[in-house]
Amino acid sequence: MSYKHIIVEKKNGIGTITINRPQVLNALNRETLEELITVVQELENDPTIHVAIITGKEKAFIAGADITQMQEMNTLQAKKFGGLGHQLMQHIENSRLPYIAAVNGYALGGGCELMMACDIILASTHAKIGQPEINLGIHPGFGGTQRLPRLIGKIKAKELLLTGDTIDAQEAYRIGLINKVVEPEKLMEETEKLAQKILTKSAVQTSFIKELVNKGINIDLPSANTLEIASFSASFATEDQKEGMTAFLEKRKPLFKGK
Ligand code: DAK
């Protein structure tokens with residue numbers, strides 16, 4: 001499949017998606033959202049891929065939804081556009097693949113929202129993160145009002161949403177919005193190292209864990225614990241469970257097959 005606004009690389013079990021509209025700081029227009037939805041499905045269905053990385057070309061991760069395109073939208077078009085964004089975030093969250101965001105620069109508006117839909121977030125010291133939609137006379141429309149408070153708590157989330165202020169990577173790390181701050185020249189190396197580490201784990205378990213956390217956080221604790229009991233017991237029907245425990249007892253590293 002060929003894409004116009006994104007670059008896709010598949011290597012050693014890792015699928016890397018690079019948003020490639022640097023002339024507009026990788027702003028998400030309708031076409032880019034559609035391509036992203038397609039590539040997320042493509043990686044999902046590719047049995048050679050076990051981890052995905054999302055990053056941006058040149059100085060931005062994603063500077064938000066495309067303001068030039070949004071400026072002309074009517075209510076119906078805005079609804080469809082918002083639907084596309086939500087579809088993308090849900091595909092990422094519901095994916096069997098762990099998604100790592102490598103935030104190389106601006107992650108604003110829709111960029112921050114896409115980052116938050118990922119499972120692990122590494123950011124360069126150059127990153128600037130925020131939800132500045134209020135400055136445009138709108139509010140976040142790809143899940144920002146919902147995911148941000150779930151991640152950092154409602155007090156800090158409301159501050160960022162109501163002021164439209166952007167924060168740097170260090171502050172994002174301090175408030176628990178990202179996992180790690182990395183020097184810009186080391187960002188991809190560190191991200192790939194993390195992806196490689198996850199690749200050595202059981203792919204069955206990475207998908208189970210992702211599903212449990214993402215579903216469990218939105219439901220009550222007893223129901224969430226019931227989900228955990230179900231997939232915990234299902235784990236004992238996998239080859240990876242046998243391999244993991246046998247390897248421990250034989251004092252060797254496990255070789256998981258994702259089965
Ligand atoms: N959209 C379109 N073009 C953008 C853009 C964006 N979000 N961000 C930057 N650009 C373009 C600039 O217009 C400029 O184009 P030219 O002038 O060269 O033609 C080029 O990228 C370089 O940008 P700057 O010259 O501004 O670069 P600087 O380094 O000076 O400044 C900046 C970088 C990131 C601080 C600045 O570009 C900026 O403030 N950008 C806008 C950031 C922003 O407000 N992002 C949030 C967008 S709103 C919805 C669903 C979702 C959403 C809304 C509705 N519905 C359900 C309806 C989501 C909304 C958003 O994400």
Side-chain angles (χ1 to χ4, degrees), residues 3-7 17-38 40 54-93 99 101-118 121 123-152 156-172 177-178 181 184 187:
Y3 298 98
K4 191 170 162 211
H5 301 303
I6 59 176
I7 301 165
I17 305 165
T18 306
I19 293 126
N20 185 27
R21 300 183 77 215
Q23 68 285 6
V24 287
L25 306 184
N26 303 321
L28 298 173
N29 61 3
R30 199 178 299 114
E31 297 73 22
T32 309
L33 285 174
E34 283 166 352
E35 288 193 359
L36 284 167
I37 291 168
T38 306
V40 165
I54 303 187
T55 193
K57 188 87 173 167
E58 298 180 11
K59 79 172 184 179
F61 177 67
I62 299 166
D66 191 316
I67 299 168
T68 312
Q69 201 172 63
M70 281 194 298
Q71 196 225 354
E72 303 195 334
M73 283 180 192
N74 60 30
T75 307
L76 192 61
Q77 289 164 329
K79 192 174 176 196
K80 278 191 183 159
F81 187 68
L84 274 182
H86 277 282
Q87 207 182 323
L88 171 63
M89 309 311 163
Q90 277 163 24
H91 279 314
I92 292 172
E93 277 182 344
Y99 269 77
V103 180
N104 51 308
Y106 294 110
L108 303 175
C112 182
E113 289 167 308
L114 194 147
M115 175 195 101
M116 290 191 290
C118 292
I121 305 165
S124 109
T125 51
H126 286 166
K128 292 267 185 286
I129 299 168
Q131 299 280 173
E133 286 89 341
I134 193 150
N135 299 326
L136 298 168
I138 56 171
H139 62 66
F142 296 159
T145 62
Q146 304 309 309
R147 286 193 183 89
L148 194 60
R150 281 169 169 76
L151 287 172
I152 63 170
K156 197 72 199 168
K158 279 192 273 190
E159 180 189 331
L160 291 177
L161 293 164
L162 292 171
T163 62
D165 284 351
T166 58
I167 54 174
D168 63 18
Q170 227 20 280
E171 174 66 357
L177 182 56
I178 64 170
V181 185
L187 180 64

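In each ligand, atom 1 is the first atom listed, and ligand 1 is the first ligand listed.
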Salt bridge (charged side-chain N to carboxylate O under 4.0 Å, His left out) between E93 and R147, intermediate numbers included: CA-CA 11 Å; E93 277 182 344; R147 286 193 183 89; 2.6 Å; yes
Sub-4.5 Å side-chain heavy-atom contact between M116 and L177: yes
Could you pull out the closest heavy-atom pair between [X] and [Y], with the gap in Å?
X: A107; Y: M115; value: CB-SD, 4.2 Å
X: I54; Y: I19; value: CG2-CD1, 3.8 Å
X: P140; Y: L161; value: CG-CD2, 3.6 Å

E171/K156 salt bridge by N-O under 4.0 Å criterion: yes
Close residues, ligand 1: non-hydrogen atom nearer than 4.0 Å: Q23, V24, L25, A27, K59, A63, G64, A65, D66, I67, M70, A78, G82, Y106, L108, G109, G110, P132, E133, L136, I138, G141, F142
